[in-house]
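The basis for the numbers below is simple: all heavy atoms, side chains too, and nothing from hydrogens, waters or symmetry mates. All values derive from a computational prediction rather than experimental measurement.
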Amino acid sequence: MGKVHEGNSDAKDKKTEFSLVQVKSTWKSKLGKINKDAVDCVSAAKIYESVTDRGTSWTVVSPITFTYKVTETYGLLDPSNDTLLLGHITDPQQLEDIKTSNKPIRRFVVIDQEVFQIYGAKLTEYLEANDVMYKILALPTTEENKSMETALKILDDVNNFALDRRTEPIIAIGGGVCLDIVGLAASLYRRRTPYIRVPTTLLSYIDASVGAKTGVNFANCKNKLGAYIPPAAAFLDLSFIQTVPRRHISNGLAEMLKMALMKHRGLFELLEEHGCMLLDTKFQVDNTLYGHSSIKAASQSTRIAITTMLEELAPNLWEDDLNRLVDFGHLISPALEMKVLPSLLHGEAVNIDMSYMVYVSHESGLLTEEEKQRIISCMVGLELPVWHEEFTMELIQKSLQDRLKHSGGLVRMPLPAGLGQADIFNNTSFDILHRAYIKWSEELSVSSDSTCDV
């Protein structure tokens, strides 16, 4: 919110603060103390009126509160589990009214087409078992078609379904791309239609599903069009992860490692010790080689990753503060990912970025040689690429210049300063960046046969 400046000191400036109260169906501005017994509602919003010789201006201060739930569950598509249909409702009376109503529940579902091939029959059975009037739209949701055209295709079908935006949230089932596109489409339909996220990849489980960002690619730039509109709810079911290819498990572990390096040494050590097991078991209960320890590690790691992510996102949902630890690994990776599309997955590009930044931290005196080697070894153990030939000094410089333009003239570079600790830096010299790049390339380019080709 901008400040009202007095401007010309010769102009007479009279400022008045008004509260807003509702009486019956009418909102009115009131001066001074409010008798709450005489009104139906007092808004948290204020109107500030400023009168000068040049005219009148009004400044509106209107607090906006978003409430959304992130809920771990199991058996989300079990017909006896009503979480998918009703779990977003927080008002007990509204929930009771829906359960006792004869009016059928209606839901519009957008699902990634590959996910639909695996779970389509189960989803259909679930909706029919609960007497839901539904439309399922299965679409290819990849970075290549993460576009306004795809969002508009969704909106055409939503409009034909005659969705009630107050009571019928759109359901998105898929990976991060699917959740991003559907979120943007929902934010556009009738200016804001509630939607529900159901992540089916590890990456979206701990990252895309828990925040407020929506978006599509535009002008060959990642997520250049988008909005900050959180879902009504995100429902997380680890059982979806069991059908995800091993490479995509590694892909998600990159974002988990990001939070570990920035905020939580314990999570780093968990990934360092149990990363291979998490890859082998795909975050599922395993009764053979690993036993009970597999689900314990899966539960601990996802819970810590989600908690640390929400700690960073919740107080800064609209990114008013541009100093964001969660941007670690995201300074150069968007340009790299788009440049080599579709050869790198999102988490793989992020990890290559993080790998380089670990060397920047070491050259800056923030990490010891031992800490640097432990981090790189952990990345390799998680089967993530740590170097790429297209990650050049030219790409680094261009990306950081672009960041200066869009980050208030500061680079705001998150860097690890120890294991599980980090800070934001604005004065990293070109000399440090270049020395780090030389050492990074010399030490890691020999292992350039990256796991992303597996």
So does [X] have more than 12 non-hydrogen atoms from other groups sitting under 6.0 Å from [atom1]?
| X | atom1 | result |
| --- | --- | --- |
| Arg192 | CZ | no |
| Phe218 | CZ | no |
| Glu114 | CD | no |

Under the salt bridge (Lys or Arg N to Asp or Glu O under 4.0 Å) criterion, do Glu272 and Arg374 qualify, and how do the steps go?
CA-CA 8 Å; Glu272 190 177 40; Arg374 281 183 68 184; 2.7 Å; yes

Heavy-atom closest pair (Tyr68 atom, Leu317 atom, distance to 0.1 Å) is OH-CD1, 3.9 Å

Atom pairs and distances, side-chain donor-acceptor, residues 350-358, under 3.5 Å, sequence neighbours left out:
from   : atom 1 : to     : atom 2 : distance (Å)
Asn351 : ND2    : Pro385 : O      : 2.9
Asp353 : OD2    : Leu331 : N      : 3.1
Asp353 : OD2    : Ile332 : N      : 2.6
Asp353 : OD2    : Ser333 : N      : 2.9
Ser355 : OG     : Val386 : O      : 2.9
Ser355 : OG     : Trp440 : NE1    : 2.9
Tyr356 : OH     : Leu433 : O      : 2.8

Identify, with sequence neighbours excluded, every residue that meets side-chain contact (heavy atoms from CB on, under 4.5 Å) alongside Thr243.
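side-chain contact (heavy atoms from CB on, under 4.5 Å) check on Thr243 returns Ile118, Tyr119.
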
Kindly write out the residues that satisfy side-chain contact (heavy atoms from CB on, under 4.5 Å) with Asp320, not counting sequence neighbours, or none if the list is empty.
Asn316, Trp318

Evaluation steps, side chain to side chain contact (heavy atoms under 4.5 Å, CB included), between Ile136 and Leu127:
CA-CA 10 Å; Ile136 298 175; Leu127 295 170; 4.0 Å; yes

With rounding to the nearest 0.5 angstrom, report the [atom1] to [atom2] distance, [X] to [Y].
| X | Y | atom1 | atom2 | value |
| --- | --- | --- | --- | --- |
| Ile304 | Thr307 | CD1 | OG1 | 8.0 Å |
| Lys372 | Ser361 | NZ | OG | 11.5 Å |
| Arg412 | Ser407 | CZ | OG | 6.0 Å |
| Thr193 | Ile170 | OG1 | CD1 | 5.5 Å |
| Asp78 | Leu84 | CG | CG | 11.5 Å |
| Ser204 | Glu255 | OG | CD | 11.0 Å |

Before you tell me yes or no, could you show the steps for Asp327 and Arg324 under salt bridge (Lys or Arg N to Asp or Glu O under 4.0 Å), namely the whole-Å CA-CA distance, both residues' side-chain angles and the distance that decides it to 0.1 Å?
CA-CA 6 Å; Asp327 281 350; Arg324 304 173 69 248; 2.4 Å; yes

Would a 4.5 Å heavy-atom cut-off, applied to side chains only, mark [X] and [Y] as touching?
| X | Y | result |
| --- | --- | --- |
| Phe240 | Leu77 | yes |
| Leu179 | Tyr195 | no |
| Met309 | Val326 | yes |
| Lys282 | Leu238 | no |
| Asn130 | Ile105 | no |
| Ile249 | Phe283 | yes |
| Leu139 | Thr150 | yes |

With distance as the sole criterion, is a donor-acceptor pair present between the side chains of [X] and [Y] under 3.5 Å?
| X | Y | result |
| --- | --- | --- |
| Thr141 | Asp112 | yes |
| Asn217 | Glu143 | yes |
| Asn81 | Tyr126 | no |
| Asn145 | Ser147 | no |

Okay, side chain of [X], backbone of [Y]: is any donor-acceptor separation there less than 3.5 Å?
| X | Y | value |
| --- | --- | --- |
| Thr302 | Ser299 | yes |
| Ser250 | Leu382 | yes |
| Ser101 | Ile98 | no |

Please tabulate, one pair per line, all N/O donor-acceptor pairs under 3.5 Å involving side-chain atoms of residues 261-271, not counting sequence neighbours.
from   : atom 1 : to     : atom 2 : distance (Å)
Lys263 : NZ     : Glu311 : OE1    : 2.7
Lys263 : NZ     : Glu312 : OE2    : 2.9
His264 : ND1    : Gly266 : N      : 3.3
His264 : ND1    : Leu267 : N      : 3.0
Arg265 : NE     : Glu269 : OE2    : 2.9

Kindly determine whether Leu400 and Met413 satisfy side chain to side chain contact (heavy atoms under 4.5 Å, CB included), including the steps that lead there.
CA-CA 9 Å; Leu400 295 181; Met413 182 183 289; 4.1 Å; yes

Using a 6.0 Å distance limit plus a 45 degree cone around the ring axis, check whether Arg106 lies over the aromatic ring of Tyr134.
no

Verify whether the ring centers belonging to His346 and His330 lie closer than 6.0 Å.
yes

Can you list the steps and then say if Lys46 with Leu20 is a side chain to side chain contact (heavy atoms under 4.5 Å, CB included)?
CA-CA 6 Å; Lys46 302 278 188 183; Leu20 292 159; over 6 Å; no

Tabulate below the donor-acceptor pairs under 3.5 Å that side-chain atoms of residues 86-97 make, not counting sequence neighbours, or state none.
from  : atom 1 : to    : atom 2 : distance (Å)
Asp91 : OD1    : Gln93 : N      : 3.1
Gln93 : NE2    : Asp97 : OD1    : 2.8

Check this for me, if you would: do Arg247 and Glu383 make a salt bridge, where the nitrogen-to-carboxylate-oxygen distance has to be below 4.0 angstrom?
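So Arg247 does not pair with Glu383 through a salt bridge.
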
Salt bridge present between Asp180 and Lys146 (N-O < 4.0 angstrom):
yes

Going by atom type alone, with no hydrogens or angles, which donor-acceptor pairs under 3.5 Å involve a side-chain atom of residues 391-399 and a protein atom two or more places apart or on another chain?
from   : atom 1 : to     : atom 2 : distance (Å)
Thr392 : OG1    : Leu395 : N      : 3.1
Lys398 : NZ     : Asp402 : OD2    : 3.2
Ser399 : OG     : Leu395 : O      : 2.9

